[in-house]
2 protein chains.
Amino acid sequence: MTLTSSAPKRENTDDRRRAIASAARQLIAEKGFEGLRTRDIAARVGINVATLHYHVPTKEALIGLVAGAMREDFRAQSLVRPRAHLSPSERLEHEFYDFQEMFYEQRDTLAVMSELMERARRDEVIHTAMRPILLKWHQMVAAIFVDGVADGSFRADLDPEAASSMFIGALVGFGRGPDTSPQYFERLCAELRRAVRVQTPTRN
Amino acid sequence: MTLTSSAPKRENTDDRRRAIASAARQLIAEKGFEGLRTRDIAARVGINVATLHYHVPTKEALIGLVAGAMREDFRAQSLVRPRAHLSPSERLEHEFYDFQEMFYEQRDTLAVMSELMERARRDEVIHTAMRPILLKWHQMVAAIFVDGVADGSFRADLDPEAASSMFIGALVGFGRGPDTSPQYFERLCAELRRAVRVQTPTRN
DNA sequence: TCGTCAATCAATCACTTGATTGATAGATCG
DNA sequence: CGATCTATCAATCAAGTGATTGATTGACGA
């Protein structure tokens, strides 16, 4: 007889913590931090609240766990993409593509990021976990602009760091803007390209 | 003897509601929505919790009140500034200035806006209250770009709406970025100016 | 002066929520 | 088998937390 079905599971702490972090992430995406309840997380994992507290002692630790998992995800993802060999313009296109993919196919991730960033204002633990992610993104984009200015793909008077802020701000802001259709995203991308690219001077 | 000092005040509902909205706004700025408690609001106004509920029946209504007051503030402020007579470039500079002023001198307002926008995702009431503010801002900036393209101040291939999203996103994103110093804000502004302005063609 | 009503508060309710306790079942090892 | 450790849960606690109740106070009109 199969002893598989509905046998009371006993997982090790690592797996449980992963499952808990995942469930917590889903719930944050659904209801925000305000609506995050330990009972809900336990229910979604399929364990008792006490068991949850056995693996993750406090709610603060839980939030730290989510933030850490998030950071780990981003770090892992950025390692998968070696793009130094591409041209600045191509790398910029990849940034567009990555964001679009995240926005339309991993909406949860973006929503949780947003919640975490908001909470980072008041929560030192989260702030510490989130800051490297943001910095990394800024650095990556700024590096693209530095290279692009050097090889003449972009405007010579481009300020790489400021342009990076503008670029990232525009993308993130897209998600909060009035029109989040793919068509409008493309218009925004086109505008960003024109904003940094060398102008074909408007000759009369 | 003076019956003035510490006489138990009795205000009318309009004044009380205003005071409650103001206190709630402060507390949201301080602790976020997550930390907003009716008791704290009542304490800050200097009234009993029951009195607060007498004037504002539910917490939901309270949040709606804050959102409404916020919208009213913005609407009033935009009426005070008649700028149609200015040039597109000048109007753009005013946008920079207004944002800078809000960022550095009314940080509360911006923090609450941010909280409200985040919550608007899940709260229809707030979404309805916030959307007009965002739309208005977008329209204002887009109108600047339309005029600027028409009179040749800005690039001919500028997409006013997309540029407006980029512009607003960049400003809002500044507040979340790694460097929020006035110096860096000025660099961002400069970059935004170059992004929309007609290029002085890089002649060799 | 008396009745009515808006405004207020102390006390309390009903429910939520993070966390703890004490006990139990399975695994692991000697 | 027996000791011990890990993982689990039912039950419960203590501190909130939004909201209500019943009574009180003062203003104002009749």
Side-chain angles (χ1 to χ4, degrees), chain A residues 1-28 30-67 119 122-123 125-126, chain B residues 1-24 27-28 30-67 119 122-123 125-126:
Chain A
M1 222 33 65
T2 59
L3 61 147
T4 61
S5 77
S6 79
K9 315 279 167 32
R10 285 175 75 87
E11 307 271 348
N12 64 41
T13 291
D14 272 357
D15 289 342
R16 274 289 187 240
R17 283 170 67 92
R18 250 188 295 279
I20 289 168
S22 167
R25 236 183 68 165
Q26 287 176 30
L27 285 166
I28 291 170
E30 287 170 23
K31 309 187 187 180
F33 259 108
E34 206 181 337
L36 185 64
R37 302 288 175 257
T38 52
R39 281 166 172 77
D40 296 341
I41 301 168
R44 183 155 303 195
V45 177
I47 59 177
N48 186 282
V49 204
T51 306
L52 184 145
H53 276 96
Y54 171 77
H55 294 292
V56 184
T58 70
K59 197 182 185 184
E60 190 180 357
L62 180 90
I63 294 173
L65 183 71
V66 173
R119 195 184 164 103
R122 273 176 288 274
D123 189 321
V125 175
I126 297 186
Chain B
M1 49 222 61
T2 61
L3 60 148
T4 61
S5 78
S6 77
K9 314 276 169 33
R10 287 174 75 87
E11 306 271 350
N12 64 40
T13 290
D14 271 357
D15 288 342
R16 274 290 187 238
R17 284 170 66 92
R18 249 188 296 279
I20 289 168
S22 168
L27 285 166
I28 291 171
E30 287 170 24
K31 308 188 189 179
F33 259 110
E34 208 180 335
L36 186 64
R37 302 287 174 259
T38 52
R39 281 167 172 77
D40 295 342
I41 301 168
R44 183 154 305 195
V45 177
I47 59 176
N48 186 281
V49 204
T51 305
L52 184 144
H53 276 97
Y54 171 77
H55 293 293
V56 184
T58 71
K59 196 181 186 186
E60 191 180 357
L62 180 89
I63 294 173
L65 183 70
V66 173
R119 195 183 165 104
R122 273 176 290 275
D123 189 321
V125 175
I126 297 186

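Convention: sequence-line order gives letters A, B, ...; per-chain numbering from 1.
- With D/dA19, C/dG18, D/dA7 as the candidates, the nucleotide lying closest to the side chain of B/His53 is D/dA19.
- Distance CZ (A/Arg16) to C1' (D/dT6): 12 Å, rounded to an integer number of Å.
- Taking only side-chain nitrogens and oxygens, A/Tyr54 comes nearer than 4.0 Å to OP1 or OP2 of D/dA7.
- Among D/dA19, D/dC9, C/dA7, the nucleotide with an atom closest to any side-chain atom of A/Asn48 is D/dC9.
- Taking only side-chain nitrogens and oxygens, B/Thr51 comes nearer than 4.0 Å to OP1 or OP2 of C/dC9.
- If you check D/dA19, D/dA7, C/dG18 against the side chain of B/Arg39, the one that comes closest is D/dA19.
- Summary of the strand contacts: A/Lys59 and B/Ala50 both lie near DNA chain C, and taking for each the nucleotide with the nearest heavy atom, the more 5' one is attributed to B/Ala50.
- Checked by atom type and distance alone, the side chain of B/Lys59 pairs as donor or acceptor with a backbone atom of B/Leu36 at under 3.5 Å.
- For D/dG16, neither phosphate oxygen OP1 nor OP2 lies less than 4.0 angstrom from any side-chain nitrogen or oxygen of B/Arg37.
- As a whole-Å value, the separation of B/Glu60 CD from D/dG18 P is 13 Å.
- Distances were taken from every side-chain heavy atom of A/Ile47 (C-beta onward) to each of D/dC9, D/dA19, C/dA19; the shortest belongs to D/dC9.
- Between B/Tyr54 and B/Asn48, the closest side-chain pair of non-hydrogen atoms is not below 4.5 Å.
- Backbone-only engagement by A/Leu36 is indicated by non-hydrogen atom pairs under 4.0 Å involving sugar-phosphate atoms exclusively.
- Side chains of B/Val56 and B/Arg16 form no contact here, defined as non-hydrogen atoms less than 4.5 Å apart.
- Taking atom CG of A/Leu52 as the reference point, atom C1' of D/dC9 lies 13 Å away to the nearest angstrom.
- Contact of the A/Arg122 side chain with the B/Glu30 side chain is not registered, since no non-hydrogen atoms from C-beta on lie closer than 4.5 Å.
- At D/dG18, one or more side-chain N or O atoms of B/Thr38 fall inside 4.0 Å of OP1 or OP2 (strictly under the cut-off).
- The NE2 atom of B/His55 sits 12.5 Å away from atom CZ of B/Arg18, with the distance rounded to the nearest 0.5 Å.
- Residue B/His55 has a polar side-chain atom (N or O) positioned under 4.0 Å from OP1 or OP2 of C/dT8.
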